[in-house]
2 protein chains.
Amino acid sequence: MSRGPIEPGSSADGPRPAGRSTLRDVAKLAGVSIATASKALNNQPQVRAETRAKVIQAAEALSFSPNTLAQGLITQRSGTVGLLTSDLEGRFSIPILMGAEDAFGSDQTSVFLCDARGDNLRERHHLRALLSRRVDGLIVVGARPDARPSLGELPVPVIYAYSPSDNPADLSLVTDNVGGGRLAVDHLIRHGRRRIAHITGDPSYGAAQDRARGALDRLAQEGLPLAGDQVWFGAWSEAWGRGATRMLLQRDPGIDAIFAGSDEIARGVLDVLHQEKLAVPAQVAVIGFDNWNILAVNARPPLTTIDMNLEELGRLAAQRLFAAIDGTLGSGIETIGPRLITRESTAPLD
Amino acid sequence: MSRGPIEPGSSADGPRPAGRSTLRDVAKLAGVSIATASKALNNQPQVRAETRAKVIQAAEALSFSPNTLAQGLITQRSGTVGLLTSDLEGRFSIPILMGAEDAFGSDQTSVFLCDARGDNLRERHHLRALLSRRVDGLIVVGARPDARPSLGELPVPVIYAYSPSDNPADLSLVTDNVGGGRLAVDHLIRHGRRRIAHITGDPSYGAAQDRARGALDRLAQEGLPLAGDQVWFGAWSEAWGRGATRMLLQRDPGIDAIFAGSDEIARGVLDVLHQEKLAVPAQVAVIGFDNWNILAVNARPPLTTIDMNLEELGRLAAQRLFAAIDGTLGSGIETIGPRLITRESTAPLD
DNA sequence: CGGAAGACCGAAAAGGTTTTCAGGAACGTA
DNA sequence: TACGTTCCTGAAAACCTTTTCGGTCTTCCG
């Protein structure tokens with residue numbers, strides 16, 4: 001590893017590792033001024049084609065790459081954004097992050113990733129650091145889909161993704177859980193199911209409430225009752241999926257479909273249905289929520305599920321942020337529509 | 001959102017959003033020179049306590065935060081590192097990332113996250129961008145635990161994590177898969193199991209080979225044969241876990257333990273064992289690999305498994321990088337020991 | 001041939017900070 | 001009083017790039 005100071009003048013030591021020559025070196029090698037070198041490399045018009053070629057050649061010979069820090073200092077734009085998440089290990093931040101990374105072409109914008117781990121203090125800390133780094137904008141991804149405290153007035157635009165800000169003056173992008181619930185039940189109804197039950201997670205989650213609401217909406221629209229007499233709220237775990245399914249079957253053995261509030265729960269549901277020798281999807285259809293691949297694809301049978309389009313959400317957040325950086329930022333809550341992923345756990349009844 | 005140019009001079013407009021006042025403003029308000037202000041805020045000794053207090057107070061009044069870009073320009077150190085991963089959605093990058101984030105206190109160092117998605121071109125691209133941003137170092141996380149091409153000579157230190165570099169002159173940090181295999185079998189043996197089989201994933205993965213080797217080692221040491229007559233290589237999926245278990249039970253119905261090469265496979269194994277009414281762990285113990293929480297904890301029964309200590313690996317990578325930034329970098333391959341996570345799927349035989 | 005227009009190029013300022021070095025004030029000593 | 005110390009403070013250079021603006025050179029027209 002050749003590190004340490006390298007004399008910029010000594011150009012006779014062969015191809016050196018990229019990244020440490022300056023514009024001055026390039027200019028000197030090309031026999032022009034620094035100003036001209038800059039203009040040549042940035043496709044400014046006031047430079048002769050021949051001169052430009054000389055400069056470009058010199059830049060390549062030195063494998064010059066401009067110092068983004070210095071550029072940022074002048075242009076007052078760092079070309080970076082901060083992504084402040086609260087649960088990195090959670091499966092929600094990651095797709096959003098990927099979408100965002102995707103939307104900022106890597107040429108223009110790089111992403112600082114910061115995980116606050118749900119600690120408020122750590123969040124303030126990260127925020128300070130990011131502002132100090134002069135990020136051009138911020139995307140805040142919460143840990144759960146309920147409102148979170150606003151960061152308040154900042155010198156850069158902020159977009160809240162997944163968890164909306166509690167301040168309606170901020171711009172938040174969230175998934176449409178009501179729509180997702182509706183979509184799930186709609187799918188079951190279209191495939192001939194009539195006795196549909198709903199098992200879901202922690203009732204303190206807005207998402208659980210919303211999905212249930214969407215499901216009930218769609219049932220009501222069709223004039224169908226909810227099978228099992230109630231929404232089975234509990235926990236976001238396979239164990240609860242198993243437990244609830246057992247209780248549900250006791251209460252109402254004749255169900256022909258179960259809408260699970262998450263893929264985890266759906267796995268538990270499937271487990272008990274197998275045990276009870278109820279064929280899926282022939283006798284009972286099962287639909288999950290989240291499209292968490294590892295769970296949904298590996299299920300037996302593979303799980304039909306609702307995908308919240310988190311990547312799309314990330315992409316959109318990036319776009320909105322980009323637009324806001326040199327325009328003005330909107331406000332309010334924008335929702336992203338969910339998407340049905342059809343696999344084998346639901347199928348038309350004969 | 002109040003954005004756009006804010007006059008730095010106009011200080012009478014109340015508490016303004018943090019982040020846009022400069023050292024000059026602070027100096028002016030405190031009635032000292034820029035140089036003195038800088039020294040006061042950086043705890044340089046050559047400034048009177050009284051003056052320092054004045055400066056600090058002024059800085060707080062303006063909610064001054066130093067421009068890191070400018071600092072980096074001078075100190076030749078940006079306080080950033082790049083984390084170049086190849087599979088963000090993969091479960092391996094994330095814990096490593098968290099460990100790294102953890103080790104760099106957020107005060108000092110921020111992390112640029114870049115996902116190349118297995119595309120070589122995109123990787124070069126990201127690399128250019130990161131060098132242009134003058135990152136102080138680089139951590140490269142591969143997609144699978146086999147050797148990957150070195151990035152070559154770069155002007156900053158590089159650490160390869162998870163996937164070692166193919167150039168022994170680079171420093172690579174990897175998990176000890178042989179040790180993991182040995183640890184798994186050791187655990188089973190200690191708990192009285194004698195007829196131990198091994199079902200694992202894609203044989204083209206070095207990790208699969210290594211884990212198998214570790215397992216066989218430990219068996220040989222004990223003078224035990226491998227139950228099932230062979231290592232069952234296949235795919236890293238539940239489906240293969242199920243299929244292999246069925247074949248295995250046909251070949252050798254008397255096994256009392258199965259070591260699965262991943263938690264995914266282990267889930268498949270458990271599934272079939274239930275179906276065949278073989279009690280876990282009473283009749284057959286099952287141990288997985290990866291400690292992928294969502295799979296291991298939710299399993300029935302919860303899965304004993306091997307944790308590769310990826311967070312620790314990330315932390316260590318960060319430490320090594322940090323040390324390398326102003327020292328010189330080591331080389332070769334360093335391994336991180338795995339850790340046994342005991343849950344209910346293994347238990348002593350009576 | 002004189003002059004104007006146009007095409008290129010370079011000097012210099014700016015961006016915000018750190019650091020060096022020289023100067024000034026206060027103080028003690030001869 | 002004159003001088004040497006010790007402490008503080010401030011001017012200025014440096015980091016690397018972009019951009020403005022003035023200057024030089026060529027070319028073309030009258």
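As a basis for the values below, the full set of heavy atoms in this structure was taken, side chains included, without hydrogen atoms, waters or symmetry mates. Per chain, numbering begins at 1; letters A, B, ... match sequence-line order. This structure is a prediction, so every number in the text was calculated from the model and none was measured.
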What's [X] touching, base or sugar-phosphate or nothing? Going by heavy atoms closer than 4.0 Å.
X       : result
B:Thr51 : sugar-phosphate
A:Thr75 : nothing
A:Ile34 : base

For residues [X] and [Y], determine if any side-chain heavy atom of one lies less than 4.5 Å from a side-chain heavy atom of the other.
X        : Y        : answer
B:Leu41  : B:Leu23  : yes
A:Arg77  : A:Gln71  : no
B:Pro145 : B:Val174 : no
B:Phe104 : B:Leu321 : yes
B:Ser86  : B:Val141 : no
A:Arg148 : A:Val140 : yes
B:Leu173 : B:Tyr160 : no
A:Arg320 : A:Glu334 : yes

Check DNA chain D against residues 35-50 of chain B and give the residues with a non-hydrogen atom under 4.0 Å, in numerical order.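 Heavy-atom cutoff 4.0 Å gives B:Ala35, B:Thr36, B:Lys39, B:Gln46, B:Val47, B:Arg48.
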Ignoring hydrogens and angles, tell me if any N or O in the side chain of B:Arg133 forms a donor-acceptor pair with the backbone of A:Gly79 under 3.5 Å.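 Yes; judged by distance alone, with no hydrogens or angles, the pair exists.
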Say whether A:Asp170 and A:Ser150, considering side chains only, have a donor N or O and an acceptor N or O under 3.5 Å apart.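 On atom types as modelled, these side chains qualify, holding a pair under 3.5 Å.
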Interface limits on DNA chain D, where chain B has a heavy atom under 4.0 Å of a nucleotide atom: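 Contacts span D:dC8 to D:dC16, reading 5' to 3'.
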Here's a test of your reading of the structure: between B:Ser33 and B:Ala70, which maps to the more 5' nucleotide of DNA chain D?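 Mapping each residue to its closest nucleotide by heavy atoms, the 5'-most match is B:Ser33.
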Using chain A heavy atoms and a threshold of under 4.0 Å, write down where along DNA chain C the contacts begin and end, 5' to 3'.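 Contact span on the strand: C:dC8 to C:dG16.
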